[in-house]
2 protein chains.
Amino acid sequence: MESITPIRRKVTLTDIAASTGVSRATVSLVLRGSPLVNKLTRAKVEAELRRQGYVYNRAAANLRRRTSSSIALVLNELANPFFAEFAAGVDETLGAAGFVTLLGSTGESIEREQAVLASLIEHGPGGIILSPAEGSDAQQVLATVGAQTPLLLFNRELGGSLPEFAHWDRLMLDNQRGARLATEHLIAQGHKRIAFFGGHRDSSSCRQRHAGYVEAMTAAGLTMASQWRVETAPTRLDAAHRCGELFTHEPAPTAAVCYNDAVALGLMLGLNQRGLQPGRDFAVTGFDDVAEAAFSTPALTTLATGPRERGRQAARTILVRLREPEADTSFIVAPAQLVVRESSAPPRSS
Amino acid sequence: MESITPIRRKVTLTDIAASTGVSRATVSLVLRGSPLVNKLTRAKVEAELRRQGYVYNRAAANLRRRTSSSIALVLNELANPFFAEFAAGVDETLGAAGFVTLLGSTGESIEREQAVLASLIEHGPGGIILSPAEGSDAQQVLATVGAQTPLLLFNRELGGSLPEFAHWDRLMLDNQRGARLATEHLIAQGHKRIAFFGGHRDSSSCRQRHAGYVEAMTAAGLTMASQWRVETAPTRLDAAHRCGELFTHEPAPTAAVCYNDAVALGLMLGLNQRGLQPGRDFAVTGFDDVAEAAFSTPALTTLATGPRERGRQAARTILVRLREPEADTSFIVAPAQLVVRESSAPPRSS
DNA sequence: GCAAAGATTTAGATCGTTACAAAAGCCGCA
DNA sequence: TGCGGCTTTTGTAACGATCTAAATCTTTGC
């Protein structure tokens with residue numbers, strides 16, 4: 001006698017085979033839409049599949065076929081809108097390809113990164129998309145994920161050297177060129193005393209952006225005073241606090257290239273508090289083009305990186321790698337696009 | 001002769017058993033830390049596990065044990081910072097419990113929600129956390145996920161009635177009470193003509209928030225003019241555009257309870273453009289307490305919902321359900337906390 | 001009417017792990 | 001020596017799918 005409640009054990013291939021009177025193999029063929037099976041048999045089996053509410057067990061199939069239908073996505077900070085957009089892009093593309101996203105958030109901690117990777121790898125993802133925590137090391141990552149599983153590095157390089165047999169793809173943002181564009185734009189606007197504001201020196205993206213700034217300044221023959229480089233936490237609050245450090249020595253800068261939008265918005269806040277109107281008395285540029293940048297007053301000139309499109313791109317890249325494990329490793333540097341708004345007006349004096 | 005490249009097929013239990021000269025069963029016991037195995041054997045096996053770089057195949061184990069070590073997380077809009085925070089909270093708690101998060105983002109489309117759920121369910125998650133797309137229907141969801149897999153509904157109710165045998169947990173925000181608190185706060189500040197601004201009438205959270213507003217107004221004996229309810233897309237831009245609609249009839253309102261923070265920030269933008277200074281000439285409240293709320297000028301009075309903590313809570317709830325499938329279904333309504341800042345000053349006249 | 005060719009179907013092994021019950025080893029003690 | 005009572009170890013059958021090769025069943029050609 002059958003249970004009355006709708007809660008019963010999962011229905012499998014074998015159940016369907018039994019109640020249609022065909023073999024498991026045939027049901028399996030039907031499931032996969034094989035042209036081998038007879039029309040009538042197919043119809044009969046499909047009816048039974050629906051009737052019993054069969055759901056495919058992809059894990060079992062993957063085990064047998066030695067394939068995978070998932071990709072692990074490990075992010076250093078999911079709560080950050082930039083990465084949230086990125087994740088949405090990844091999931092969108094993976095989903096369309098029939099893959100499922102295994103999520104892992106490390107909260108910028110190397111220990112958690114190790115733990116998360118170790119846990120995810122046990123679920124046998126076909127590949128890994130990793131935006132490493134600051135200070136994460138190639139050897140360590142390799143030790144926990146092994147050389148079997150393709151890995152795509154996003155946003156940051158790993159510390160240490162990675163063995164060349166581990167061909168890992170990389171997708172980076174062109175931080176240096178982006179910051180150079182911003183700096184060149186400020187220079188073209190007529191600014192001569194330009195600061196580099198915010199970020200931590202030990203962050204690789206900060207170093208790259210600073211390098212771009214230096215490049216543009218040097219090329220233009222402009223000098224950089226040491227007090228024009230101010231380090232901050234990459235947050236609005238800390239940036240607002242440290243605004244004053246730009247104005248301790250005369251002559252003060254008339255513009256600042258900021259590490260990112262959060263810092264830029266914080267700086268604008270700090271400027272307001274000092275009675276300076278950003279965009280008129282002092283020019284500011286950001287990096288990232290967060291949603292808010294377009295709506296701040298003044299609207300923020302910044303560099304758009306297209307996080308959602310980067311996510312799609314990362315997903316596409318890793319999917320290609322699954323099909324072509326031995327293809328050359330790719331190294332994509334995605335351009336950052338300068339979006340000129342109101343915060344980067346010419347200096348007042350000119 | 002062994003392959004020279006480090007790329008070789010995955011090492012399994014059987015490999016370890018063969019090269020240590022014990023049975024697969026024993027290796028399995030070692031892996032699971034069983035007290036049955038002899039110290040020396042354990043040491044020998046563990047050494048070999050490390051030497052060969054063995055990684056546990058959880059999918060195979062789950063198949064055999066008929067268990068699951070994953071939870072599906074399906075969100076209507078991952079790119080929204082609120083849900084990104086929520087996802088981070090979910091993943092944090094699931095990860096700590098040894099579970100992995102299967103991510104799915106539906107982009108507020110019912111069709112994609114169906115597709116995503118259908119795909120995820122094939123991977124056999126132990127449970128599902130679902131923040132449904134607007135207009136999603138209980139029958140449909142039930143049809144694709146079945147009654148076997150526990151489901152926790154977050155943020156929104158489903159349309160249609162769900163069969164009582166599907167005991168689905170629910171975790172909702174107290175939208176109504178939150179909006180009531182905001183309205184009461186404005187009333188306490190001395191406002192009498194208060195509008196409800198933004199959001200779509202067919203969104204359930206908007207309806208609930210509006211209900212809270214009506215409740216407070218009615219309780220205070222205040223009247224509500226019909227032109228004081230303005231519908232907008234839940235975006236800053238549209239909100240800024242529609243600001244004028246509040247001022248078409250005299251007497252105009254002196255304050256507005258906004259559907260959410262994005263709308264409130266947009267409204268403040270619109271007010272500025274009309275020469276009204278929000279927080280002085282016109283009071284505004286939001287909902288969500290996004291990061292920006294604390295930094296806008298004026299800082300936004302709003303309702304904090306603690307998305308990250310909600311994520312943790314959702315994860316805890318579904319984990320409990322996995323252990324106790326037959327326990328009573330839970331229905332949690334998380335309170336929203338009023339955060340008073342500068343945007344909700346008393347009216348100028350008083 | 002019968003064999004060869006083609007169309008369908010299927011038994012049985014297998015993927016990497018765990019559960020079960022039974023088998024070894026080992027020890028002390030009668 | 002033999003036997004109960006430990007501690008360890010292990011063969012074998014699952015889990016739910018797929019693959020392979022072979023077995024059926026139909027046609028078709030002559």
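Worth knowing before you read on, the calculation uses all heavy atoms, side chains too, and leaves out hydrogens, waters and symmetry mates. Residue numbering restarts at 1 for every chain, and letters A, B, ... go by the order of the sequence lines. Keep in mind it's a predicted model, so treat the numbers as computed, not measured.
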Bend across the helix from C/dG1-D/dC30 to C/dA30-D/dT1, to 10°, with axes taken over 5 pairs at each end? 70°
Single hit among A/L120, A/T93, A/L102, A/L322 for side chain to side chain contact (heavy atoms under 4.5 Å, CB included) with A/I71: A/L322
Contact boundaries on DNA chain D for chain B, cut-off under 4.0 Å to non-hydrogen atoms: D/dT8 to D/dG16
Taking donor-acceptor contacts at under 3.5 Å, does the side chain of A/R64 reach the base of C/dT14? yes
Report yes or no: does B/N80 contribute a side-chain atom to a donor-acceptor pair with the main-chain N or O of B/E77 at less than 3.5 Å? no
What's the CG-C1' distance between A/L13 and C/dA11, to the nearest Å? 15 Å
CZ of A/R65 versus C1' of C/dG16: gap in Å, rounded? 17 Å
Would you name the heavy atoms of A/P325 and A/H167 that are closest together and state the gap between them? O-NE2, 3.9 Å
Rounded to whole Å, CG of A/N38 lies from P of C/dT10 at a distance of 11 Å
In whole angstroms, how far is the P atom of C/dT9 from the CG atom of A/L40? 9 Å
DNA chain C-proximal residues of residues 20-30 of chain B, any heavy atom under 4.0 Å: B/R24, B/S28
Please test A/V22 against A/V45 for side-chain contact (heavy atoms from CB on, under 4.5 Å), starting from the C-alpha separation and ending with a verdict. CA-CA 9 Å; A/V22 302; A/V45 169; 4.2 Å; yes
Criterion side-chain hydrogen bond (donor to acceptor under 3.5 Å, both in side chains) on A/Q313 and A/R316, from CA distance to verdict: CA-CA 5 Å; A/Q313 192 171 20; A/R316 282 195 306 267; 5.4 Å; no
Please work out if A/T41 contacts a base, only the sugar-phosphate, or nothing of the nucleic acid, heavy-atom cut-off 4.0 Å. sugar-phosphate
Measure the distance from CZ on B/R32 to P on C/dT18 and round it to the nearest whole Å. 4 Å
Please check if the side chain of B/R156 supplies one atom and the backbone of B/P132 the other of a donor-acceptor pair under 3.5 Å. yes
DNA chain D: 5'-proximal contact among B/P35 and A/A60 (nearest heavy atom): B/P35
Round to a whole Å and report the spacing from NZ of B/K10 to P of C/dG16. 9 Å
Closest heavy-atom contact between B/W168 and B/T329? O-CB, 3.9 Å
Taken to the nearest whole Å, CG/B/L36 to P/C/dT18 is 14 Å
Indicate yes or no: does A/R321 engage A/E326 in a salt bridge with an N to O separation below 4.0 Å. no
Hey, what do you get for CG (A/L94) to CD1 (A/I318), rounding to the nearest 0.5 Å? 9.0 Å
So is B/R170 actually on top of B/F331's ring, under 6.0 Å and inside 45° of the axis? yes
Check ion pair B/E92-B/R308 (N to O, under 4.0 angstrom): yes
In whole angstrom, give the distance that lies between atom CZ of B/R58 and atom P of C/dT17. 11 Å
